[in-house]
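Worksheet: the structure to be examined is printed underneath.
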Amino acid sequence: MKKILVIGASGQIGTDLTVELRKQFGAENVIASDIKNACEDVMQGGSFEILDVMDRKKISEIIDKYNITEIYHLAAILSGNAEKNPKWAWDINMDSLFNILELSREKKIQKIFWPSSMGAFGISTPAVNTPQLTIMEPSTVYGISKLAGERWCEYYHHKYGLDIRSLRYPGLISWKTEAGGGTTDYAVEIFYEAIRSGNYECFLSEDIALPMMYMDDAVKATIMLMEAPAEKIKVRSSYNLGGISFTPKEIENEIKKYIPELKVSYKPDFRQAIAESWPRSISDEAAQKDWGWKHEYGLPKMVQVMIENIGKRKC
Ligand code: NAD
Ligand code: AKB
């Protein structure tokens, strides 16, 4: 019997992923956890535990309490927040991963999901259609922690046989929760401000293209990867996930088709340098070939769905 523990379930991905996992595998089989309470959908849809992923003893108790067989470890400090306090972010991103790797080994957890990010790439990486295997010299503490994490995931797979799987997500766009302190957050904030005030000051320049993905595609990719037969998973560091690529100006123009009065100004801050060090677009050929990945949402469809749903947000 599959029993899933989601760590970081109150966050941007955790909220949507927990709801979908419960839909697919049964509410009683998915335990959500975080250091803070989640949205109503997550809190009321099944079991929820307050859990600090730095507390190895408590994780161990929860694994035993629910007979956990799979872990989705989503808790992390994202790129923008990490730059404000690098050592703290490094400790949380790395120590939390080690807690999960070691406990999974000890307790024979069958499958683990841990996300990497396009932030693992750097300025020396080929920026257009970035391949799966390429130069990776990240310049942010977030990117360094993701690249190191990828190497450790592969190491634990080869050395201990741990079935740990990973995706390098691009920037994710969703309406259920606000984004969690990253460089791609502008593409979520712009919708909230378009609805709330009709004005948005973007912290990136209008012409910086970044790879992005609508949350439904990201959740679908995550579950597809986790449900694929082990022999199909050829990449044990982390799979590239491409999605769509657009600039702030392009998303502004698309939103203006629904909200013509929207006013956007551009005032790049420290996150501009982070964005410039990341790919402009990403190739996810390996994911397509190995486990049949294909994204569904383009920019117009994603904007339409965001506009239709953003008013329904409950947290
Ligand atoms: P988020 O910040 O929205 O959510 C992270 C959650 O982790 C939060 O609810 C937070 O309360 C929780 N958390 C933080 N510290 C914790 C701790 N010590 N113990 C338990 N929980 C803790 O982030 P997200 O956007 O949902 O990202 C989830 C994962 O996906 C992260 O690893 C992130 O690096 C990765 N990722 C996200 C994106 C994106 O665009 N959202 C893109 C690439 C990779
Ligand atoms: C961030 O901007 O930090 C995240 C990511 C792309 O990893 N959204």
Side-chain angles (χ1 to χ4, degrees), residues 5-18 32-39 42-43 48-56 58-59 62 71-85 88-89 91-97 99-100 112-121 138 140-150 153 166-174 176-189 203-204 208 210-215 217-219 221-222 238-243 245 270-275 277-279 282 315:
L5 173 64
V6 182
I7 300 173
S10 309
Q12 193 196 3
I13 302 175
T15 303
D16 284 88
L17 183 62
T18 301
S33 73
D34 203 292
I35 36 168
K36 61 178 191 204
N37 282 345
C39 282
V42 171
M43 297 298 292
F48 181 89
E49 295 272 354
I50 288 290
L51 172 67
D52 183 346
V53 71
M54 305 298 272
D55 184 347
R56 198 184 289 197
K58 178 90 189 274
I59 310 171
I62 288 177
I71 298 177
Y72 288 69
H73 167 29
L74 307 174
I77 308 303
L78 273 70
S79 58
N81 284 347
E83 286 310 300
K84 294 177 194 159
N85 196 340
W88 166 75
D91 289 345
I92 292 186
N93 291 0
M94 295 315 297
D95 290 353
S96 68
L97 177 59
N99 281 344
I100 300 306
I112 304 110
F113 177 78
W114 171 84
S116 183
S117 160
M118 65 167 168
F121 296 115
T140 62
V141 64
Y142 177 69
I144 299 169
S145 74
K146 289 298 185 189
L147 180 55
E150 288 186 13
C153 289
S166 177
L167 294 170
R168 289 174 185 148
Y169 291 127
L172 301 181
I173 299 169
S174 63
K176 282 201 181 130
T177 57
E178 295 199 25
T183 302
T184 59
D185 290 19
Y186 90 83
V188 177
E189 289 172 7
F203 57 76
L204 297 182
I208 179 91
L210 285 171
M212 299 277 187
M213 182 173 276
Y214 183 55
M215 186 59 83
D217 272 341
V219 165
T222 307
S238 191
Y239 276 99
N240 275 10
L241 212 53
S245 193
F270 71 100
R271 287 167 284 191
Q272 177 72 18
I274 300 179
S277 77
W278 288 355
I282 289 177
C315 56

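For ligands, and for the atoms within them, numbers begin at 1 and follow the listed sequence.
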Practice task
Could you tell me the separation between the CD1 atom of Ile208 and the CD1 atom of Ile274, rounded to the nearest 0.5 Å?
Solution key: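 The CD1 atom of Ile208 sits 11.5 Å away from the CD1 atom of Ile274.
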
Exercise for the section: Taking atom types as modelled, find out whether Ser79 and Thr183 have a side-chain donor-acceptor pair closer than 3.5 angstrom. Expected result: yes

Practice task
Would you check if there is a donor-acceptor pair between the side chains of Thr18 and Tyr72 at a distance under 3.5 Å?
Solution key: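 No - no donor-acceptor pair under 3.5 Å links their side chains.
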
Exercise for the section: Taking side chain to side chain donor-acceptor pair (under 3.5 Å) as the test, write out the residues that go with Tyr186, two or more places apart. Expected result: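 By the side chain to side chain donor-acceptor pair (under 3.5 Å) rule, Tyr186 matches no residue at all.
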
Problem - For Ile62, all residues meeting side chain to side chain contact (heavy atoms under 4.5 Å, CB included), sequence neighbours excluded - result: Leu5, Glu49, Leu51, Lys58, Tyr66

What does the N/O contact table under 3.5 Å look like for ligand 2?
from     : atom 1 : to     : atom 2 : distance (Å)
ligand 2 : 2 (O)  : Ser79  : OG     : 3.3
ligand 2 : 2 (O)  : Thr183 : N      : 2.6
ligand 2 : 2 (O)  : Thr184 : N      : 3.1
ligand 2 : 2 (O)  : Thr184 : OG1    : 3.4
ligand 2 : 3 (O)  : Ser79  : N      : 3.1
ligand 2 : 3 (O)  : Ser79  : OG     : 2.5
ligand 2 : 7 (O)  : Ser117 : OG     : 2.6
ligand 2 : 7 (O)  : Tyr142 : OH     : 2.6
ligand 2 : 8 (N)  : Thr184 : OG1    : 2.8

Handout entry: Minimal non-hydrogen separation, Ser116 against Ser238, with atom names
Key = CB-OG, 3.4 Å

Put together the list of close N/O pairs, under 3.5 Å, between ligand 1 and the protein, could you?
from     : atom 1 : to     : atom 2 : distance (Å)
ligand 1 : 3 (O)  : Gln12  : N      : 2.8
ligand 1 : 9 (O)  : Gly11  : N      : 3.1
ligand 1 : 9 (O)  : Asp34  : OD1    : 3.4
ligand 1 : 9 (O)  : Asp34  : OD2    : 2.7
ligand 1 : 11 (O) : Asp34  : OD1    : 2.6
ligand 1 : 18 (N) : Asp52  : OD1    : 2.8
ligand 1 : 19 (N) : Val53  : N      : 2.9
ligand 1 : 26 (O) : Gln12  : N      : 3.1
ligand 1 : 26 (O) : Ile13  : N      : 2.8
ligand 1 : 32 (O) : Leu74  : O      : 3.4
ligand 1 : 32 (O) : Lys146 : NZ     : 2.9
ligand 1 : 34 (O) : Tyr142 : OH     : 2.6
ligand 1 : 34 (O) : Lys146 : NZ     : 3.0
ligand 1 : 40 (O) : Leu172 : N      : 2.8
ligand 1 : 41 (N) : Gln12  : OE1    : 2.9

Practice task
Could you give me the CA-CA distance, side-chain angles and deciding distance for Lys146 and Arg168, then say whether side chain to side chain contact (heavy atoms under 4.5 Å, CB included) is met?
Solution key: CA-CA 9 Å; Lys146 289 298 185 189; Arg168 289 174 185 148; over 6 Å; no

Exercise for the section: Please answer whether the main-chain N or O of Lys176 pairs with a side-chain N or O of Asp16 as donor and acceptor at a distance below 3.5 Å. Expected result: no

Practice task
Using a strict 4.0 Å threshold on nitrogen-to-oxygen distance, state whether Glu83 and Arg271 make a salt bridge.
Solution key: no

